[in-house]
Amino acid sequence: METLSANRIGHSSAIGIAVFAMHQLIGTIGILALTPLVTGLIFDVLRLFGLTYTSTYMHSLLTETPYFPLQIALALLLGWILSRWLHHRSMLWVWPLPLAVLLLAFSALPTVTSLAFQSRLSHFFGWGCRPQNRCFDQLAITLPFYIAASYSAGALLARKMLGKPLFMGDEHVGV
């Protein structure tokens with residue numbers, strides 16, 4: 001009898017880890033890949049109404065604005081929709097891994113100016129690191145954190161709206 005119970009616990013843990021890994025991928029890489037597709041689709045629909053935008057404009061919206069509003073909006077929306085549908089608590093915890101990567105990169109970045117902290121802030125969160133200057137740190141490090149945090153925030157909003165518990169031990173089905 002103990003073996004069956006231990007087997008169920010192990011199976012449940014494996015499923016929980018797999019669900020978390022799935023949300024980690026959706027909440028970072030998935031949204032990175034999905035945003036250009038959705039933006040292109042929106043531009044195609046706008047073209048039906050006589051509004052045309054160039055691919056250069058789309059590229060600047062996606063990669064040259066350091067606050068990445070399109071990716072953040074899509075992450076919030078997808079986190080909200082999936083949380084209402086799947087009810088997985090693990091969606092709330094997608095942000096710590098990208099934050100750890102961001103903090104590691106932020107602390108490890110060598111600076112040559114006397115305003116080291118301000119230059120790091122500008123490099124990761126402002127106009128100091130631009131893709132047109134062959135600097136991709138914001139796209140590779142900051143953007144995944146923004147997306148993951150927004151995905152988790154969308155899931156949190158959905159849970160709050162549904163009145164779902166937020167912590168382990170609370171009565172709720174889901175991972």
Side-chain angles (χ1 to χ4, degrees), residues 15-103 105-106 121-164 166 172-175:
I15 289 173
I17 291 169
V19 167
F20 175 74
M22 174 193 69
H23 285 296
Q24 191 72 54
L25 288 172
I26 290 170
T28 52
I29 297 168
I31 293 171
L32 278 173
L34 189 60
T35 306
L37 297 173
V38 170
T39 305
L41 179 64
I42 291 170
F43 279 17
D44 287 344
V45 170
L46 291 174
R47 191 174 307 134
L48 296 173
F49 297 101
L51 300 170
T52 57
Y53 298 98
T54 64
S55 60
T56 304
Y57 181 67
M58 184 173 105
H59 177 72
S60 74
L61 280 175
L62 292 171
T63 62
E64 295 175 12
T65 305
Y67 311 109
F68 308 104
L70 298 177
Q71 291 91 336
I72 288 172
L74 183 62
L76 273 168
L77 179 65
L78 194 60
W80 186 77
I81 289 170
L82 289 179
S83 183
R84 290 182 63 91
W85 181 40
L86 299 173
H87 308 288
H88 293 155
R89 275 192 298 265
S90 61
M91 294 178 71
L92 302 172
W93 301 104
V94 171
W95 60 271
L97 183 59
L99 176 63
V101 171
L102 175 62
L103 291 174
F106 188 86
L121 284 176
S122 176
H123 184 83
F124 286 103
F125 302 104
W127 296 99
C129 175
R130 308 299 332 128
Q132 60 265 31
N133 298 334
R134 301 200 189 292
C135 182
F136 299 101
D137 289 349
Q138 283 189 15
L139 293 175
I141 297 167
T142 309
L143 178 57
F145 167 69
Y146 284 160
I147 291 171
S150 299
Y151 183 79
S152 291
L156 179 64
L157 288 172
R159 292 181 74 80
K160 287 285 199 179
M161 291 173 72
L162 292 171
K164 298 286 183 188
L166 300 176
H172 178 66
V173 205
V175 180

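Along the sequence shown, residues are numbered consecutively beginning with 1. Just so it is clear, the values below take in all heavy atoms, side chains as well, and ignore hydrogens, waters and symmetry mates.
Taking every heavy atom of both residues into account, Pro98 and Gln24 meet most closely at CD-NE2, 3.5 Å. The two atoms that bring Gln71 and Leu62 nearest to each other are NE2-O, 2.8 Å, heavy atoms only. Minimum heavy-atom separation, Ile147 to Ala75: O-CB, 3.4 Å. Between Pro131 and Thr63, the shortest heavy-atom distance links the atoms CG-O, 3.4 Å. Between Pro66 and Trp127, the closest heavy-atom pair is CD-CH2, 3.2 Å. What you find for Ser83 and Ala155 is that their closest heavy atoms are OG-O, 3.2 Å.
The OH atom of Tyr67 sits 11.0 Å away from the OG1 atom of Thr142 when rounded to the nearest 0.5 Å. Between His23 atom NE2 and Leu82 atom CG the span is 7.0 Å, to the nearest 0.5 Å. Once rounded to the nearest 0.5 Å, the distance linking NE2 of His87 with CZ of Arg159 reads 8.5 Å. Here OG1 of Thr65 is found 8.0 Å from CG of Leu70. Values are rounded to the nearest 0.5 Å. One distance of note links NE2 of His59 with OG1 of Thr54; it measures 11.0 Å at 0.5 Å rounding. Expressed to the nearest 0.5 Å, how far CH2 of Trp93 lies from OG of Ser152 amounts to 8.5 Å.
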Please report the C-alpha distance between His123 and Phe106 in whole Å, then the side-chain angles of each, then the deciding distance to 0.1 Å, and finally whether the side chain to side chain contact (heavy atoms under 4.5 Å, CB included) criterion is met. CA-CA 9 Å; His123 184 83; Phe106 188 86; over 6 Å; no
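Relative orientation of the Phe125 and Tyr146 rings is tilted, given thresholds of 30° and 60° on the angle between their planes. Between Phe43 and Tyr57, the angle of the ring planes stays under 30°, which puts this pair in the parallel group of the 30/60° scheme.
In summary, of the residues considered (Leu37, Thr39, Leu32), a side-chain contact (heavy atoms from CB on, under 4.5 Å) with Thr35 occurs for Thr39 alone.
Annotation: side chain of Leu76 is not in contact with side chain of Tyr151 (no heavy-atom distance under 4.5 Å). Side-chain contact between Val101 and Phe145: absent, with no pair of heavy atoms (C-beta onward) separated by less than 4.5 Å.
Panel note: side chain Gln138, backbone Gly126; a donor-acceptor pair is recorded below 3.5 Å. Of the possible polar contacts, one joining the Arg130 side chain to the Glu64 backbone as a donor-acceptor pair under 3.5 Å is found. Under the 3.5 Å distance criterion, the side-chain polar atoms of Arg47 are left unmatched by any main-chain donor or acceptor of Tyr53.
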